[in-house]
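Heavy-atom basis, side chains included; hydrogens, waters and symmetry copies ignored. Position 1 is the first residue of the sequence; numbering continues from there.
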Amino acid sequence: MIGLLFSTSFWALGPGRNLSRSMVRNGRSALMLIALVPFSLAAAPSASAAADKTAPEVATRPVLDASSPKLTEEWGIEIVAMRLSGENRFLDFRYRVVDVEKAEALFGPKIRPFLVDRNTGHTLKVPVPPKLGPMKSSRSQPKKDRVFFVFFANPGGTAETGHKVDVDFGPLMITGISVQ
């Protein structure tokens, strides 16, 4: 595959081709980028290696239904809402902290929640604008009776009202949340 890309690039830049100087410069830039592809592919971990690393963690962590009383009893939170917002470009997940000590495991900069739409199978992540940082209020410390939020990007509006979604906080996965 890489050989084909190199030979195509050399053919396009070869003698007798009627290319402008800017096209030749851009072609050489493209050639340099193509030359770096093998290095980036060699450095990237394989999908099976990543799956092997996460498999034990997934098996040992709790998975609770959104209506489960254990969510409040063991994790100190209760779900307030999962709504579409921003012209369906975001999912706004709201939850209330009822026990600060139990909810503390779901807070901090290392917690990177994501959402899985059961209906479409899409995984939605928390957007991270450069000047704002992650669009979640759980970077700070939990406070009793305060409602916290997490925004999930919904590109293309794949998640819709009525869909069932799962929110994965890392140490806890909450399943069966209905989008309003």
Side-chain angles (χ1 to χ4, degrees), residues 26 29-30 33 36-37 40-41 43-47 50-51 53-55 57-58 61-180:
N26 290 338
S29 298
L33 288 174
L36 295 175
V37 168
S40 64
L41 291 176
S46 67
K53 291 178 185 176
T54 58
E57 292 176 23
V58 172
R61 68 189 174 134
V63 177
L64 297 175
D65 188 69
S67 61
S68 173
K70 287 186 178 183
L71 198 58
T72 304
E73 294 168 5
E74 295 177 10
W75 291 92
I77 64 168
E78 62 184 16
I79 296 174
V80 175
M82 174 68 77
R83 297 184 187 117
L84 286 168
S85 65
E87 294 184 7
N88 298 341
R89 293 190 180 149
F90 293 101
L91 283 163
D92 180 1
F93 177 57
R94 303 280 173 146
Y95 59 98
R96 177 179 292 111
V97 171
V98 293
D99 188 332
V100 174
E101 291 172 6
K102 292 176 182 175
E104 204 166 65
L106 304 176
F107 285 77
K110 291 185 180 181
I111 301 297
R112 295 192 174 129
F114 64 91
L115 179 141
V116 178
D117 186 347
R118 289 187 187 179
N119 296 64
T120 62
H122 288 103
T123 299
L124 308 177
K125 296 184 179 182
V126 176
V128 185
K131 292 186 179 184
L132 298 176
M135 295 180 72
K136 62 179 190 152
S137 62
S138 59
R139 290 178 58 95
S140 61
Q141 296 297 316
K143 295 179 182 172
K144 185 172 173 65
D145 295 326
R146 181 173 172 193
V147 175
F148 291 88
F149 72 90
V150 179
F151 282 121
F152 296 99
N154 187 21
T158 56
E160 299 174 354
T161 302
H163 282 198
K164 292 286 186 179
V165 297
D166 303 333
V167 174
D168 191 331
F169 273 97
L172 170 69
M173 183 168 205
I174 305 169
T175 62
I177 303 169
S178 186
V179 178
Q180 300 173 355

**Report entry** Pairs where residues 67-105 contributes a residue and the test ring-ring contact (aromatic ring centres under 6.0 Å, His included) is met, not counting sequence neighbours
**Finding:** Phe90-Phe151, Phe93-Tyr95, Tyr95-Phe169
Report summary line: Nearest heavy-atom contact between Ile111 and Leu106 is CG2-O, 3.7 Å
List the atom pairs, with distances to 0.1 Å, where a side-chain N or O of residues 153-162 and a protein N or O form a donor-acceptor pair under 3.5 Å, not counting sequence neighbours.
residue, atom, partner, partner atom, Å
Asn154, OD1, Thr158, N, 3.1
Asn154, OD1, Thr158, OG1, 3.1
Asn154, OD1, Ala159, N, 3.0
Asn154, ND2, Asn88, O, 3.0
Asn154, ND2, Ala159, O, 3.1

Query raised in the report: Taking the side chain as C-beta and beyond, is there a heavy-atom pair between Leu115 and Thr123 under 4.5 Å?
Result: no
Query - Any donor-acceptor pair under 3.5 Å from Ser85 side chain to Leu91 backbone - result: no
Report task. Would you list the pairs meeting side chain to side chain donor-acceptor pair (under 3.5 Å) in which at least one residue belongs to residues 162-175, sequence neighbours left out? Result -> Arg61-Asp168, Asp117-His163, Arg118-Asp166
Query - Minimum side-chain heavy-atom gap Pro113-Lys136 below 4.5 Å - result: yes
Query raised in the report: Nearest heavy-atom pair of Phe148 and Pro142: which atoms, and what distance?
Result: CZ-CA, 3.8 Å
Query - Straight-line distance of Met173 CE to Phe114 CZ, nearest 0.5 Å - result: 6.0 Å
Query - Value rounded to 0.5 Å, distance of CD1 in Ile79 from CG in Leu71 - result: 5.0 Å
Query raised in the report: Does atom CZ of Arg89 have more than 12 heavy-atom neighbours from other groups under 6.0 Å away?
Result: no
Requested in this report: With side-chain contact (heavy atoms from CB on, under 4.5 Å) as the test, would you mind laying out the steps for Ile77 and Ile174 before giving the verdict?
Outcome: CA-CA 11 Å; Ile77 64 168; Ile174 305 169; 4.0 Å; yes
Query - Distance (rounded to the nearest 0.5 Å) between Arg96 CZ and Glu78 CD - result: 5.0 Å
Query raised in the report: Does a sphere of radius 6.0 Å around CZ in Arg146 hold more than 12 heavy atoms from other residues, nucleotides or ligands, not counting ones at 6.0 Å or beyond?
Result: yes
Report task. Indicate the atoms forming the closest heavy-atom contact of Leu124 with Phe152, along with that distance. Result -> O-CD2, 3.7 Å
**Report entry** Minimal non-hydrogen separation, Ala103 against Val97, with atom names
**Finding:** CB-CG1, 3.9 Å
Query raised in the report: Is Ser137 reaching over with its side chain to a backbone N or O of Phe149, donor-acceptor style, under 3.5 angstrom?
Result: yes
**Report entry** Exercise: identify the closest heavy-atom pair between Lys102 and Glu74
**Finding:** CB-O, 3.7 Å
**Report entry** Pro62 versus Pro171, closest heavy-atom pair with distance
**Finding:** CD-O, 3.3 Å
